[in-house]
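Contents: one structure, followed by commentary.
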2 protein chains.
Amino acid sequence: MDKIDRKILTLLQRDATMPVAEIGRKVGLSTTPCWRRIQKMEEDGIIQRRVAVLDPVKVNVGVTVFVSVKTNEHNDSWMRKFSGVIDEFPEVVEFYRMSGDVDYLMRVVVPDIGAYDTFYKRLISKINLTDVSSAFAMGQIKYTTALPLDFAIISDDDK
Amino acid sequence: MDKIDRKILTLLQRDATMPVAEIGRKVGLSTTPCWRRIQKMEEDGIIQRRVAVLDPVKVNVGVTVFVSVKTNEHNDSWMRKFSGVIDEFPEVVEFYRMSGDVDYLMRVVVPDIGAYDTFYKRLISKINLTDVSSAFAMGQIKYTTALPLDFAIISDDDK
DNA sequence: CATGAAAGGGCCCATCC
DNA sequence: GGATGGGCCCTTTCATG
């Protein structure tokens, strides 16, 4: 991956509908080589997919809750089971295995507190969770799907 | 918004490259009305944008850190300043104002612990933060940009 | 008023240089 | 990496219930 690829990714992370010809123009390439680079990055899995991003408030999931879970079950099979349960809940949009005193952290999106309570009851009915604590977000100040590309590995033969 | 719109959104959240004709076929509509519905949802801001989603590991930001901030400055102007500082950091991909004992929570993506330390130093040099604590994720088990549409408001005249 | 059918223009993508 | 061309898809216009 070189500087041009990074520029292409920057543009596509911002707007995936941009025509290849225009991307090429912005990065100083003609259509074909630019298209080939994009194609390769898709094959390599650098570009995973192209998705529509919706307005959370307008689809009535304006409330984010961070749910911390502590457990005594520190084995792989339990994690897989937990993971499988979480997969069934579309309200859970992010799920992490943590280091430190919390074992798992998930981000849940719901319309309001009441809906969160419903979610919570459904969750604990599916799997036994020892210690769960919920932190409510009062507002989303920043949210982006665009990853920083400043750390991406640049091939040597690139000025 | 009716059931068909929800189906369209479900498809577009999964894959925004799907041709309108195919979407129409899947939801039981011909091309034009399907295209118009999508157009309208874009105008209404329900569909905010279409973006490329990249693989975090492959662009070398495989480590997620959740940073909790407590502060004594509970006024709007300070929040705006903080918000402005955060905007300058592409490593911060999410930023929330919280209720409870933590005031702000952000998700930061970096290549490794060392890069997080660099980020942390740069951050506290830009703004005075009283109480900051960092929690490292050992792994991302689930991440989706797709919001649940089960809560979306359905217009009455829809079976 | 919402849907469907058909036509034009633009873009993707393959081939060749 | 660049240029040309065919084919598909988006987008508009017109017709229909």
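Proteins get letters first, then strands, A, B, ... in listed order; numbering begins at 1 in each.
Remark: A:Asp150 pairs with no residue by the side-chain hydrogen bond (donor to acceptor under 3.5 Å, both in side chains) rule, at least two apart or across chains. A:Asp117 pairs by the salt bridge (Lys or Arg N to Asp or Glu O under 4.0 Å) definition with A:Lys121, not counting sequence neighbours. Checked against salt bridge (Lys or Arg N to Asp or Glu O under 4.0 Å), A:Asp76 has the following partners two or more places apart in sequence or in another chain: A:Arg80.
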Name each donor-acceptor pair under 3.5 Å that joins a side chain in residues 27-34 of chain B to protein atoms two or more places apart or in another chain, with its distance.
none

Side-chain donor-acceptor contacts of residues 9-20 of chain A below 3.5 Å, not counting sequence neighbours, with atom names and distances?
from    : atom 1 : to       : atom 2 : distance (Å)
A:Thr10 : OG1    : A:Arg6   : O      : 2.8
A:Gln13 : OE1    : A:Leu147 : N      : 2.7
A:Gln13 : NE2    : A:Leu147 : O      : 3.0
A:Asp15 : OD1    : A:Thr17  : N      : 3.0
A:Asp15 : OD1    : A:Thr17  : OG1    : 2.7
A:Asp15 : OD2    : A:Thr17  : OG1    : 3.3

Could you tabulate the donor-acceptor pairs under 3.5 Å formed by side-chain atoms of residues 125-132 of chain A, not counting sequence neighbours?
from     : atom 1 : to       : atom 2 : distance (Å)
A:Ser125 : OG     : A:Arg122 : O      : 2.7

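Within residues 5-14 of chain A, no residue is approached by DNA chain C to less than 4.0 Å at the level of any non-hydrogen atom. Applying a 4.0 Å cut-off to non-hydrogen atoms, the residues of residues 22-47 of chain B that approach DNA chain D are B:Thr31, B:Thr32, B:Trp35, listed by residue number.
Proximity of A:Met41 to A:Asp5: side-chain heavy atoms (C-beta onward) are separated by under 4.5 Å at one or more points.
In DNA chain C, consecutive stretches of 3 or more Watson-Crick or G-U wobble pairs with both distances under 3.5 Å are given as paired ranges: C:1-7 with D:11-17, C:9-17 with D:1-9.
Residue pairs meeting the ring pair (Phe, Tyr, Trp, His ring centres under 6.0 Å) criterion with at least one partner in residues 23-76 of chain A, sequence neighbours excluded, are A:Phe66-B:Tyr96. For the ring pair (Phe, Tyr, Trp, His ring centres under 6.0 Å) condition, the pairs that include at least one residue of residues 105-146 of chain B, sequence neighbours left out, are B:Phe89-B:Phe119, B:Tyr116-B:Phe119, B:Tyr116-B:Phe136. Listed by first and then second residue, the side chain to side chain donor-acceptor pair (under 3.5 Å) pairs involving residues 55-65 of chain B are B:Thr64-B:Arg107 (not counting sequence neighbours).
Here the C1' atom of nucleotide D:dG1 and the CG atom of A:Asp2 are 12 Å apart, to the nearest Å.
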